[in-house]
Peer 1: 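Let me begin by handing over the structure; questions about it come next.
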Amino acid sequence: MVQSEVALETYYSYWAGPMPAAEITWMVVILIISAFALWQARTFARKFM
């Protein structure tokens, strides 16, 4: 169990390093991508209306 704890700690420190608020940043990125995908779907569907 110690090895997996060390692996998780290394994983979290890897992602927390480059970005200041990594626990929030990934949620913001997902929201931006989903908003862009919805906009693309709306413009695509508008072609057929």
Side-chain angles (χ1 to χ4, degrees):
M1 206 59 174
V2 174
Q3 184 179 5
S4 62
E5 291 173 6
V6 171
L8 282 175
E9 186 177 330
T10 305
Y11 176 77
Y12 289 136
S13 67
Y14 174 77
W15 286 108
M19 291 181 248
E23 65 274 358
I24 298 172
T25 307
W26 68 270
M27 289 185 272
V28 173
V29 169
I30 289 174
L31 287 174
I32 291 171
I33 291 172
S34 61
F36 180 72
L38 285 172
W39 176 73
Q40 287 288 322
R42 200 180 87 197
T43 56
F44 178 75
R46 192 175 288 165
K47 292 179 183 177
F48 302 105
M49 295 180 129

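Keep in mind that this is a model prediction, so the values were computed, not measured. All values below come from the heavy atoms of this structure, side chains included, with hydrogens, waters and symmetry mates left out.
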Peer 1: Could you list who else is in Leu31's hydrophobic cluster, with ILVMFWY side chains joined at under 4.5 Å, directly or through other members?
Peer 2: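 None; Leu31 is a cluster of one.
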Peer 1: CD1 of Ile33 to CG of Leu38: how many Å apart, nearest 0.5 Å?
Peer 2: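 One gets 12.0 Å once the value is rounded to the nearest 0.5 Å.
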Peer 1: Val28 pairs by side-chain contact (heavy atoms from CB on, under 4.5 Å) with which of Ile32, Ile30, Thr25?
Peer 2: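 When Ile32, Ile30, Thr25 are each tested with Val28, the side-chain contact (heavy atoms from CB on, under 4.5 Å) holds only for Ile32.
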Peer 1: Using 30° and 60° as the class limits, which term best fits the ring planes of Phe48 and Phe44: parallel, tilted or perpendicular?
Peer 2: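 Perpendicular: the ring planes of Phe48 and Phe44 meet at over 60°.
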Peer 1: Should the heavy atoms of other residues, nucleotides or ligands under 6.0 Å from CD of Glu9 be counted, would the total exceed 12?
Peer 2: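 It does not: Glu9 CD has 12 such atoms or fewer within range.
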